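Structure record follows, encoded as structure tokens.
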There are 2 protein chains.
Amino acid sequence: MAAERSGGGDPARTLALLWRTPQEPKPVGRKPKVSVDQIVTAAIAVADREGLGAMSMARVAQELGVGTMSLYTHVPGKAELIDLMADAVLQERDLVPEGTWRERVQHYADRTRAVYQAHPWMRDVSMVRPPLGPGLMDGQEFVLAALADSGLEPRQVTVAHVAVEGFVHGAAASEVDDQQLAATTGESGDSWWGARQVFWDDYFDVERYPAMTALWNAGAYDTEGTLAENMHRSWNYGLDRLLDGIEGGMR
Amino acid sequence: MAAERSGGGDPARTLALLWRTPQEPKPVGRKPKVSVDQIVTAAIAVADREGLGAMSMARVAQELGVGTMSLYTHVPGKAELIDLMADAVLQERDLVPEGTWRERVQHYADRTRAVYQAHPWMRDVSMVRPPLGPGLMDGQEFVLAALADSGLEPRQVTVAHVAVEGFVHGAAASEVDDQQLAATTGESGDSWWGARQVFWDDYFDVERYPAMTALWNAGAYDTEGTLAENMHRSWNYGLDRLLDGIEGGMR
DNA sequence: TATTGTTTCCGTATGGCCTACGGAAATGGG
DNA sequence: CCCATTTCCGTAGGCCATACGGAAACAATA
């Protein structure tokens, strides 16, 4: 399925929802059975358990014990609901501004990674046209403040920011991909690779792939630990090297 | 929509398709109206034009002038078809092993980026449980050979490999996200941001976001060029810094 | 209490998706 | 001409988002 995205709906309405612009309680009329917060919470719960693909309007309504169409009274549509979900979980990062600029970027990366771990469906939410809510904005402010303290020129800060942001979201996404697939398909990554043992037996050609063969023979793949642990190690390594490079590029 | 993925179908069947294991022509029986190659080509064409979300079995069959169910004679299901599509476009990279290890990694990144540019739907294809076909494998061999020439220890090569791979696919994905959304929603990135001018007017709080405000005032966002050009610049910067870091880490 | 205005709830219907099943159609050999 | 074999594909079941419009609930008023 393609990346889920914010609708072309009225931006003002979506922004009001993202920032929960308070509106005076209606004096007359039927009392609502559900609130926006309840809908968002229920939607996140469904997506956490069964993936974004299973998060249908009908499924969320069922979870709340209301009719499907009732949701549309509180939320413009599914795309906007996903925006609300994304911003809500980004708020869970709870960033504390302590330490050097580098430690703060690493903290930001760790917290963002934790969000993806807790909510693997974030992999499927595009951050190119992001939900302009408090969750996203607070995060941007945090990293930009850290990078601005690094000594980079203002113009360089914005460039470095895109690179860091890309790495963090990209790496977090690929790291949780595995879990998400395990959850939705019911097959773990290890089992999946195991079932493809046939590949190494029947298709891998040592003459066509000398570098891989050499690495294999050198024991480069004799690793302890699970697939997830190895990905995490690589994630830390990659971010460290990227920050090394940014630091070194200032001279 | 959630990431599209390979089915739990018979791995042997999928691998045979990926490597196009030749099978002796059937002596008897009805002649096929379409081939696997034709199906994959048509599916790629549809996805290129209208996104992976529009690439339905019915749509592909229509493109080929056959009934929907006829496709299932040649391809196990939609998930496997997506694997075949992904491996096919990865083969377009056509990697030439020239230059220093660093130039080769950069060449790999450029060619992979070109694939995403030409086929934006690749953003929606998970690379965690990748199609183990020639397109993927040749690419892996190419980068691993380059990294192995860098002087890193074998064990370090595999770690660096995951980091580079993550950066390349992640950055390429976020770079094409914008184009893909422009194509499927009919709204360009610039127009989308324009419609959200309201945000800066009504919601942005200079006291809550001092770092962003300072950068803005310092002219860090007074950039010429389009959104796409800026993303490309950041991509190059990020990869350079990552490779700087890898190079520096060897000492 | 009955009416009225307002708001929310939600059943129905439309048009899409994947794919299991099984019969029809085509083909070449005996 | 028959028949085994292979491919083609119509039907049907069970999902999805959401436009529309009427029913139901509620507060204020008469």
Side-chain angles (χ1 to χ4, degrees), chain A residues 1-10 13 23-36 38-39 42-43 46-47 50-83 85 121 124 184-185, chain B residues 1-2 4-10 13 23-39 42-43 46-47 50-83 85 121 124 184-185:
Chain A
M1 149 201 308
E4 298 287 356
R5 274 303 315 143
S6 169
D10 181 17
R13 170 94 192 272
Q23 33 206 2
E24 62 277 26
K26 308 287 170 55
V28 297
R30 187 172 179 169
K31 295 275 178 276
K33 286 171 78 171
V34 290
S35 66
V36 171
Q38 284 175 335
I39 293 173
V46 171
E50 304 168 45
L52 201 56
M55 197 284 290
S56 65
M57 297 302 269
R59 186 78 186 66
V60 173
Q62 188 191 35
E63 193 88 355
L64 292 166
V66 299
T68 306
M69 292 313 291
S70 302
L71 303 186
Y72 287 89
T73 302
H74 306 280
V75 159
K78 192 185 184 184
E80 289 82 359
L81 175 55
I82 292 174
D83 271 358
M85 294 166 65
W121 47 267
D124 299 318
T184 57
T185 68
Chain B
M1 144 200 311
E4 298 285 355
R5 272 304 313 141
S6 168
D10 181 16
R13 170 95 192 271
Q23 33 206 3
E24 62 277 26
K26 308 288 170 52
V28 296
R30 187 172 179 168
K31 293 278 177 269
K33 285 170 79 171
V34 290
S35 67
V36 171
D37 282 327
Q38 284 175 335
I39 293 172
V46 172
E50 306 168 43
L52 200 57
M55 196 285 290
S56 66
M57 297 303 269
R59 185 79 187 65
V60 173
Q62 189 191 33
E63 193 88 355
L64 293 167
V66 299
T68 306
M69 293 313 294
S70 302
L71 303 185
Y72 287 88
T73 303
H74 307 280
V75 159
K78 191 186 184 184
E80 289 81 359
L81 174 55
I82 292 174
D83 271 357
M85 293 165 65
W121 47 268
D124 300 319
T184 57
T185 69

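Both backbone and side-chain heavy atoms feed into the values below; hydrogens, waters and symmetry mates do not. All of these numbers come straight from a predicted model, not from anything done at the bench. Order of the sequence lines sets the chain letters (A, B, ...), proteins ahead of strands, with each chain counted from 1.
What you find for Met55(B) and Val60(B) is that their closest heavy atoms are SD-CG2, 3.6 Å. Summarising the geometry of Ala61(A) relative to Gly67(A), their closest heavy-atom pair is CB-O, 3.6 Å, with the distance given to 0.1 Å. Residue Ala43(B) comes nearest to Leu81(B) through the heavy atom pair CB-CD2, 4.0 Å, listed as atom of the first residue, atom of the second, then distance. For the pair Val75(B) and Arg13(B), the tightest heavy-atom approach, listed with the atom from each and the gap, is N-NH2, 4.1 Å. Residues Gly77(A) and Met57(A) share a closest heavy-atom pair of C-CE, 4.4 Å.
Put simply, the side chain of Leu52(B) reaches to within 4.5 Å of the side chain of Met85(B), judged on heavy atoms.
Contacts between chain B and DNA chain C, taken as any atom within less than 4.0 angstrom of a protein heavy atom, begin and end at dC17(C) to dG28(C).
One can place CZ of Arg30(B) at 13 Å from C1' of dT5(D), the figure rounded to the nearest angstrom. Rounded to whole angstrom, the span from the CD1 atom of Ile82(A) across to the C1' atom of dC16(D) amounts to 13 Å. Between the CD atom of Gln62(A) and the C1' atom of dC16(D) there is a distance of 14 Å, given to the nearest Å. Taking atom CG of residue Leu81(A) and atom C1' of nucleotide dC16(D), one finds them 15 Å apart after rounding to whole Å.
Along DNA chain C, the nucleotide nearest to Ser56(B) and the one nearest to Pro76(B) differ in position, and the one closer to the 5' end is contacted by Ser56(B). Residue order along DNA chain D, read from the 5' end via each residue's closest nucleotide, puts Val28(B) first among Val28(B) and Lys33(B).
Using a 4.0 Å heavy-atom criterion, one finds that Val34(B) contacts the sugar-phosphate atoms exclusively.
Of the residues in residues 63-74 of chain A, those placing a heavy atom less than 4.0 Å from an atom of DNA chain C are Val66(A), Gly67(A), Met69(A), Ser70(A), Thr73(A), His74(A), in numerical order.
Taking a cutoff of 4.0 Å between a charged side-chain nitrogen and a carboxylate oxygen, Arg59(A) and Glu50(A) qualify as a salt bridge.
Note: Leu64(A) CG to Lys33(A) NZ = 10.0 Å, rounded to the nearest 0.5 Å.
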